[in-house]
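Have a look at the structure below, then the notes.
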Amino acid sequence: MGSEKVIEEKNQGQALLTEKKEGNSKKLYIESYGCAMNLNDSEIVASILSKEGYNTTHIIEEADLVLVNTCSIREKAEQTVRKRLEKYNAVKKINPRMKVGVLGCMAERLKAKFLEEEKIVDLVVGPDAYRDLPNLLEEVSAGRDAINVILSKEETYGDVSPVRLNSNGVSAFVSITRGCDNMCTFCVVPFTRGRERSREPKSILEEIKQLSEQNYKEITLLGQNVDSYLWYGGGLKKDFKNASEIAQTTAVGFAELLEMVAVAFPKIRIRFSTSNPQDMNLDVIHAMAKHKNICKYVHLPVQSGSTSVLKRMNRQHSREEYMELIDNIKKIIPECALSQDMMTGFCGETEEEHQDTLSLLEYVKYDFGFMFAYSERPGTPAAKNMEDDIPLAVKKRRLAEIILVQQKHSLYHLEQFVGKTVEILIEGSSKKSDVHWKGRNSQNAVAVFPKGDEKIGDFVNVYIEDCTSATLIGKRI
Ligand code: SAH
Ligand code: F3S
């Protein structure tokens, strides 16, 4: 989700936990790369195809249809997908009736070029065209290549109930907006996911109700830019001529949506991602402060600590405005955890501008961070108008420097929990030990503790005795 958190290259064809639909005979293998929004989209695709007779499988060799939901955010993400296509090619040699489709951002970016470049691909479908999959599959079975990459101003898949593919049965993603209108100069998302639109609150609340009936305990409201969520009856927000026109409608903004969800589902933990500093207003922070079930954690990507770099990136705020927002969040919710996305080596980044990023890190002391070297994306305003002039070695050295500072702060924040009791939602067994549970606290810090008679999905109080650089270690009290 983008950010959302960038879980690039990690979300691979995970086992399906929901029941298989009786009577379905065809097998779908679906893999997702990139952001949480992609994971959620794959769940929407599985739901659409379940009505077409497909159950999901995690054994690629037995699949009738292999779909890969792709990411274009950095060049490396695209290379990973190309590598996977080679793997599918090998499988297709054993199972020639298997069809292969490419979904998501690479499909949208490369369009028909995909069919030319990758002979193995039968089907190319952009993020707004998944409802067309049944028709496209008919084309494929008639022996024709099929493609739909039309972006929509309306599509939100609001009425599709996602099949929870990657779920631990405890936390789930709920999409609330699609697309992005921001046009940060480095970013491919506005081109691959189209214009921003918001989903009707009623269908969001219905989806959460279903999740709560299925015993889910935590939801994450997803969007490229959740703070610009605005529902006033459908279509593009930008169709309104001015703010007062919006105000005259019974519009629902993000802070209101958050409150609606918090009040309607007091037993569910609520998270959200991603916020954009330019659109985040303090109403959201006040809503977080007011409701115990809204997690005290904000992911607030900034990309750079330098006002001049932010300007070149077309981010609509200065370093000082961002610092003011951070100060306000800390004032209203002192215990709030904060995280960042940062990018090193953007076009023209001087050593001084890089120092500004380091000093912003020191100022905010984020709990977590997601840091990247700038990767030029074809077709973006930066690729068209600016020179990607920072040598890779310099980008990487600067990246290593900011990662080092972030690691120091992450450890510092975890250490603050030692000697305290925190409420943990149990998500499953610890990866490293079968006799320990793993879960997260409100601030999104991961904790492990010895198993007792609790079960997955329980909220428990854990006394934190120690920590590593990434994990709290404690015991239940
Ligand atoms: N909507 C989200 C961003 C989605 S992309 C937001 O506003 O934060 C997730 C992250 O990927 C971005 O925050 C940025 O740090 C990184 N990213 C985006 N484009 C990139 C590029 N061209 N090169 C390197 N990193 C990039
Ligand atoms: Fe990309 Fe900026 Fe939107 S980073 S997703 S264009 S807010």
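Note: hydrogens, waters and symmetry copies are ignored here, and every other heavy atom, side chains too, is used. Order of appearance sets the numbers: ligands from 1, and atoms from 1 within every ligand. The structure displayed is predicted, hence computed values, not measured ones.
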Which of the numbered atoms in ligand 1 are under 4.0 angstrom from any heavy atom belonging to [X]?
{"X": "Phe372", "result": "11 (O), 15 (O), 16 (C), 25 (N)"}
{"X": "Gln303", "result": "12 (C), 13 (O), 14 (C), 15 (O)"}
{"X": "Asp341", "result": "9 (C), 10 (C), 12 (C), 13 (O), 15 (O)"}
{"X": "Thr274", "result": "6 (C), 8 (O)"}
{"X": "Asn276", "result": "7 (O)"}
{"X": "Phe186", "result": "18 (C), 19 (N), 20 (C), 22 (N)"}
{"X": "Ile73", "result": "5 (S), 11 (O), 17 (N), 18 (C), 19 (N), 20 (C), 21 (C), 22 (N)"}
{"X": "Arg74", "result": "11 (O), 16 (C), 17 (N), 23 (N), 24 (C), 25 (N), 26 (C)"}

Return a yes/no value for Tyr374: is any of its N or O atoms, backbone included, closer than 3.5 angstrom to an N or O of ligand 1?
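No - when backbone and side-chain N and O of Tyr374 are compared with those of ligand 1, no distance drops under 3.5 Å.
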Side chain or backbone, does Glu376 bring an N or O within less than 3.5 Å of an N or O on ligand 1?
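No, Glu376 has no N/O under 3.5 Å of an N/O on ligand 1.
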Determine whether the side chain, the backbone, both or neither of Pro301 has a heavy atom under 4.0 Å from any heavy atom of ligand 1.
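Side chain only.
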Relative to ligand 1, is Arg377 under 4.0 angstrom through side chain, backbone, both or neither, heavy atoms considered?
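Only the side chain of Arg377 comes within reach of ligand 1.
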Distance under 4.0 Å to a non-hydrogen atom of [X]: what atoms of ligand 2 satisfy this?
{"X": "Cys184", "answer": "2 (Fe), 4 (S), 6 (S), 7 (S)"}
{"X": "Arg315", "answer": "2 (Fe), 4 (S)"}
{"X": "Pro190", "answer": "6 (S)"}
{"X": "Gln224", "answer": "5 (S)"}
{"X": "Val189", "answer": "5 (S)"}
{"X": "Asn276", "answer": "7 (S)"}
{"X": "Phe186", "answer": "4 (S)"}

N, O or S from Cys187 under 2.8 Å to atom 2 (Fe) of ligand 2
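No - counting backbone and side chain alike, Cys187 has no N, O or S atom under 2.8 Å.
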Going from CG on Asn276 to CD on Gln224, what distance comes out if it is rounded to the nearest 0.5 angstrom?
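Nearest 0.5 Å value for the CG-CD distance: 10.5 Å.
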Residue selection (non-hydrogen contact nearest atom 22 (N) of ligand 1) among Cys71, Ala382, Gly369, Ser375
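Of the listed residues, Ser375 has the closest heavy atom.
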With a 3.5 Å cut-off and no angle check, do the side chains of [X] and [Y] form a donor-acceptor pair?
{"X": "Arg131", "Y": "Ser152", "answer": "no"}
{"X": "Ser359", "Y": "Gln355", "answer": "no"}
{"X": "Asp327", "Y": "Tyr363", "answer": "yes"}
{"X": "Glu31", "Y": "Tyr88", "answer": "yes"}
{"X": "Glu43", "Y": "Asn40", "answer": "yes"}

Is it true that Arg193 lies under 4.0 Å from ligand 2, counting heavy atoms only?
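So Arg193 does not count as touching ligand 2.
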So, 2.8 Å as the limit: is an N/O/S atom of Cys180 located closer than that to atom 3 (Fe) of ligand 2?
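Here the distance criterion (N, O or S atom, under 2.8 Å) is met by Cys180, so yes.
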Should the pair Arg312 and Phe346 be classed as cation-pi, given the thresholds of under 6.0 Å to the six-membered ring centre and 45° from the axis?
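Here Arg312 fails the 6.0 Å and 45° test against Phe346.
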Arg199 NZ/CZ over Phe254 ring centroid, <6.0 Å and within 45° of normal
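The answer is no; the distance or angle limit is not met.
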Please work out, at 4.0 Å between heavy atoms, whether the side chain, the backbone, both, or neither of Pro301 comes within that distance of ligand 2.
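Contact part for Pro301 vs ligand 2: neither.
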Which one holds for Asn225 and ligand 2: side chain close, backbone close, both close, or neither close, with close meaning a heavy atom under 4.0 Å?
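No part of Asn225 comes within reach of ligand 2.
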Can you tell whether the side chains of [X] and [Y] come within less than 4.0 Å, N to carboxylate O?
{"X": "Glu321", "Y": "Arg315", "answer": "no"}
{"X": "Arg319", "Y": "Glu353", "answer": "no"}
{"X": "Glu349", "Y": "Lys395", "answer": "no"}
{"X": "Arg197", "Y": "Glu155", "answer": "no"}
{"X": "Glu75", "Y": "Arg109", "answer": "no"}
{"X": "Asp41", "Y": "Arg178", "answer": "yes"}
{"X": "Glu401", "Y": "Arg397", "answer": "yes"}

Sub-4.0 Å heavy-atom approach of Val189 to ligand 1
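Contact check Val189 vs ligand 1: negative.
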Sub-4.0 Å heavy-atom approach of Ala373 to ligand 1
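Contact check Ala373 vs ligand 1: positive.
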Run the numbers on Glu427 and Lys217 for salt bridge (charged side-chain N to carboxylate O under 4.0 Å, His left out), then give the verdict.
CA-CA 10 Å; Glu427 292 171 12; Lys217 300 293 171 60; over 6 Å; no
